[in-house]
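Let me begin by presenting the structure, written as structure tokens, before commenting on it.
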Protein chains: 2
Amino acid sequence: MNKTTISDIASKAGVSRMTVSRVLSGNGPVAEETAKKIKSIMAEMNYQPNLIARSLSIRKSMNLGVLIPKTEQLFLDNYIAQVLSGVSDIAQENDYRIMLVPVNQSCSEKGSYINYARSNLFDGIILVKAKINDPNLPELAESGFPFILVNYRKNEHGYNYVDSENVKGAELAMEHLYEKGHRKIAFVEGTKEETNSRDRLKGYKNSLKKFGLEYREEYVICGEFEKEIAYERSESLLNLVERPTAIFCSDDYMALGVIERIKTYGLSVPNDIAVIGFDNIEISQFSRPALTTVRQPIYEIGKTAATALLNIIGNKISQPVRKILKTKLIIREST
Amino acid sequence: MNKTTISDIASKAGVSRMTVSRVLSGNGPVAEETAKKIKSIMAEMNYQPNLIARSLSIRKSMNLGVLIPKTEQLFLDNYIAQVLSGVSDIAQENDYRIMLVPVNQSCSEKGSYINYARSNLFDGIILVKAKINDPNLPELAESGFPFILVNYRKNEHGYNYVDSENVKGAELAMEHLYEKGHRKIAFVEGTKEETNSRDRLKGYKNSLKKFGLEYREEYVICGEFEKEIAYERSESLLNLVERPTAIFCSDDYMALGVIERIKTYGLSVPNDIAVIGFDNIEISQFSRPALTTVRQPIYEIGKTAATALLNIIGNKISQPVRKILKTKLIIREST
DNA sequence: CTTAAATATGTTACCGATAACAGTTATCGG
DNA sequence: CCGATAACTGTTATCGGTAACATATTTAAG
């Protein structure tokens, strides 16, 4: 399969490569007759421009890099899948392509993905679920390379982000539990390394204060945003003498793990213990009991991030992008 | 952010660009001292090679294109997410990158994605869930461009594929239903345009014959592999005078839709009607009742496809790739 | 009818890397 | 001590496009 190049077309049409290039791009005048001839030759020879060569020439890759923390079976994470859907839709509308880059969780290695910015592979980067102590971030921000954070909030110079109302979302969840009569409410943290996890904890604490409830250390455990870990560690909550009557989990996956563990104790959700999640992933409506949760508009977050990134790339924006999307309580059966 | 190029490094080090290139690739001899100096300058200047330029030069993009049928919220499809996970893992191991390309369902437009093959963007293509009458396929096969089909079987010259045992998988499901005592078994087809859907239908028919059961047209409906459509159309099954006692669905999403519909009739699954799915997507274990289904090793399919594709690209393989992975019955509560 | 502007096309250089070939110097065996 | 080989480095051309400038031909305006 030897590719047809612009030179092949040019020589067959008896014109210079430049004339062919003009037909391709539509810029610059070409005689109607010439253009017609060139077009027919292109069709006949199945010509497709070499996009790599074009990228090199115009100094734009027409690619967006989507960097996601590398985990096992990457895309099974429904959250990431939804973000990707949003990004993909916007990219397509703008003739951009998407390149997936799983980056190592252990973000300690410096220069691990800042190098992608320097590799000319992407015109911009979408960083999903960045970690708070990620040493690449300051470097990236300083470099001026177009990038945007998804679900990571940082109000410093050079940072752009799209996030959802995590603090308020957590408060919504807590209000709901409080109204249901719960006073002993435990909290399952995600990872301490992500801003949205911290924000949800903050919302939890805010609410306790507001309702005049005591903050108890033994009521807070860390589930690392993983179902299995939440399953394991929730044991400590269930063994407490003053067992909580409700458990607020920082994400749905952990909520599912916690519910599973509660069942092993022969306890019922929500009668013995109510459980609420966060995110509203696809499964939450199918699990049993169906999960009460706080909806994040994840697909919209992806769309918003991609749109903003394209604006940054196109220099259509001067101010930093800092968007916070609304969350919403979705009441089902687990509370 | 002006990128440092190989020329910058070369002139700063007082050598030719070629020497720098040799240090980069590790091919060709470079004096230890020179190499050291060049490396330190590269580090100092934050040099990263322009991968676009390199691609043009070596005539390899180091990208795999993953073409998936464009649907709403693309990546929510758990099947695609699992394939992607597998592909991504293998790609990473081999320093390849993944580019996602949603392609229009209406595959009628000729040349829609064959052009990707000619654009030099990819070294190979993974085609997920191709349609039977896709006019691009023969053209692609003829072109000799490296590609592999996932869940599409076609034993013709130029076609490579990875699929699972769909016929046998369907027979496993039918056996299970038969053993459970069911004699009136309905079938919900996926789309007639995919080979795996046809294969499952074939397995259904095979089993009917084997068990001496009559094939009834009114027992077969088409759900287009969509939960909502299956929900709608399953009505016709439930309204039959001789209502089926079991419904075999070509995929899990449709099974979920069917179960939902059965519930609206005030009937119970599995007591009144048993339902079995296909795929074993993530949700199937969470739904209620938990879904009995036929597991496809989707993640492995992705891995296998990517591995094979890389072999084809590297010319390490001369024979067509035709792999069929095993399916397995997973019994839960819906039967 | 002349000149300026618009149209149509070509030339040269360049994007940033690598391949192929060509020197030059150092090393080694006989 | 000399020729041969290996080690090191450079030169030139090329991948397939596009930008900037130059030139030739029309067309329009005065």
Side-chain angles (χ1 to χ4, degrees), chain A residues 1-39 41-42 45-63 95 115-123, chain B residues 1-39 41-42 45-63 95 115-123:
Chain A
M1 185 166 174
N2 250 337
K3 308 275 168 44
T4 311
T5 72
I6 206 169
S7 303
D8 300 331
I9 305 292
S11 64
K12 191 147 187 180
V15 298
S16 73
R17 300 190 303 160
M18 206 49 223
T19 304
V20 179
S21 175
R22 288 195 182 98
V23 171
L24 274 177
S25 66
N27 304 332
V30 179
E32 205 173 317
E33 202 183 346
T34 316
K36 206 169 148 188
K37 185 177 175 186
I38 291 177
K39 277 178 188 164
I41 293 181
M42 291 197 305
M45 299 183 77
N46 279 327
Y47 172 72
Q48 276 302 115
N50 182 324
L51 297 183
I52 301 276
R54 178 180 284 168
S55 285
L56 180 61
S57 184
I58 65 174
R59 259 145 289 194
K60 270 175 92 180
S61 68
M62 298 307 280
N63 287 154
D95 292 318
N115 289 339
Y116 278 108
R118 297 196 239 267
S119 71
N120 297 64
L121 269 182
F122 313 125
D123 296 342
Chain B
M1 184 167 174
N2 251 335
K3 307 276 170 42
T4 312
T5 73
I6 205 169
S7 301
D8 300 331
I9 306 292
S11 63
K12 190 147 187 179
V15 298
S16 74
R17 299 187 307 163
M18 206 48 222
T19 303
V20 178
S21 175
R22 289 198 182 96
V23 170
L24 275 177
S25 67
N27 305 332
V30 179
E32 206 173 319
E33 202 183 346
T34 317
K36 205 168 148 188
K37 185 176 175 187
I38 291 177
K39 277 179 190 165
I41 293 180
M42 291 197 305
M45 300 183 77
N46 279 327
Y47 172 71
Q48 275 301 115
N50 182 325
L51 297 183
I52 301 275
R54 177 181 285 168
S55 284
L56 180 60
S57 185
I58 65 174
R59 259 144 290 194
K60 271 175 93 180
S61 68
M62 299 308 280
N63 288 154
D95 293 317
N115 290 339
Y116 278 109
R118 296 196 239 267
S119 72
N120 297 65
L121 269 182
F122 313 125
D123 295 343

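Source: prediction; values computed, not measured. Note on naming: letters A, B, ... go to the chains in the order of the sequence lines (proteins, then strands), and numbering restarts at 1 for each one.
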Sequence-distant partners of Ser55(B), side chain to side chain donor-acceptor pair (under 3.5 Å), two or more places apart:
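Scan of Ser55(B) (side chain to side chain donor-acceptor pair (under 3.5 Å), adjacent residues dropped) gives none.
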Within this structure, what is the [atom1]-to-[atom2] distance between [X] and [N], rounded to whole angstrom?
| X | N | atom1 | atom2 | answer |
| --- | --- | --- | --- | --- |
| Ile52(A) | dT18(D) | CD1 | P | 14 Å |
| Arg59(A) | dA17(C) | CZ | C1' | 14 Å |
| Ile38(B) | dC8(D) | CD1 | P | 12 Å |
| Met62(A) | dT18(D) | CE | P | 13 Å |
| Ile6(A) | dA19(D) | CD1 | P | 11 Å |
| Ile58(A) | dA20(D) | CD1 | P | 13 Å |
| Arg22(B) | dA19(C) | CZ | P | 10 Å |
| Asn120(A) | dG17(D) | CG | P | 19 Å |

Are [X] and [Y] packed together at the side-chain level, in the sense that at least one heavy-atom pair is separated by less than 4.5 angstrom?
| X | Y | answer |
| --- | --- | --- |
| Lys36(A) | Lys39(A) | no |
| Ile6(B) | Tyr47(B) | yes |
| Lys3(B) | Asn50(B) | no |

Between the main-chain N or O of Ser61(B) and the side-chain N or O of Asp123(B), is there a donor-acceptor pair closer than 3.5 Å?
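Confirmed, Asp123(B) side chain pairs with Ser61(B) backbone.
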Reckon [X] touches a base, only the sugar-phosphate, or nothing at all at heavy-atom distances under 4.0 Å?
| X | answer |
| --- | --- |
| Pro29(A) | base |
| Thr19(A) | sugar-phosphate |
| Thr34(A) | sugar-phosphate |
| Leu56(A) | base |

By nearest heavy atom, map Ser57(B) and Ala31(B) onto DNA chain D; which one lands nearer the 5' end?
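Looking at DNA chain D, the more 5' nearest nucleotide goes with Ala31(B).
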Using distance only, find each side-chain donor-acceptor pair of residues 18-34 of chain A under 3.5 Å and give its atom names and separation, not counting sequence neighbours.
from, atom 1, to, atom 2, distance (Å)
Thr19(A), OG1, Ser16(A), OG, 3.4
Ser25(A), OG, Ser21(A), O, 3.3
Ser25(A), OG, Asn27(A), N, 3.2

Can you tell me if the side-chain N/O atoms of [X] get under 4.0 Å from OP1 or OP2 in [N]?
| X | N | value |
| --- | --- | --- |
| Ser21(A) | dG17(D) | no |
| Arg54(B) | dT18(C) | yes |
| Tyr47(B) | dA17(C) | yes |
| Thr5(A) | dG16(D) | no |

In dot-bracket, 5' to 3', how would DNA chain C read with Watson-Crick or G-U wobble pairs under 3.5 Å, [ ] for crossing ones and | for pairs to another strand?
||||||||||||||||||||||||||||||
Gap separating the CG atom of Leu56(A) from the CG atom of Leu51(A), nearest 0.5 angstrom
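One gets 12.5 Å once the value is rounded to the nearest 0.5 Å.
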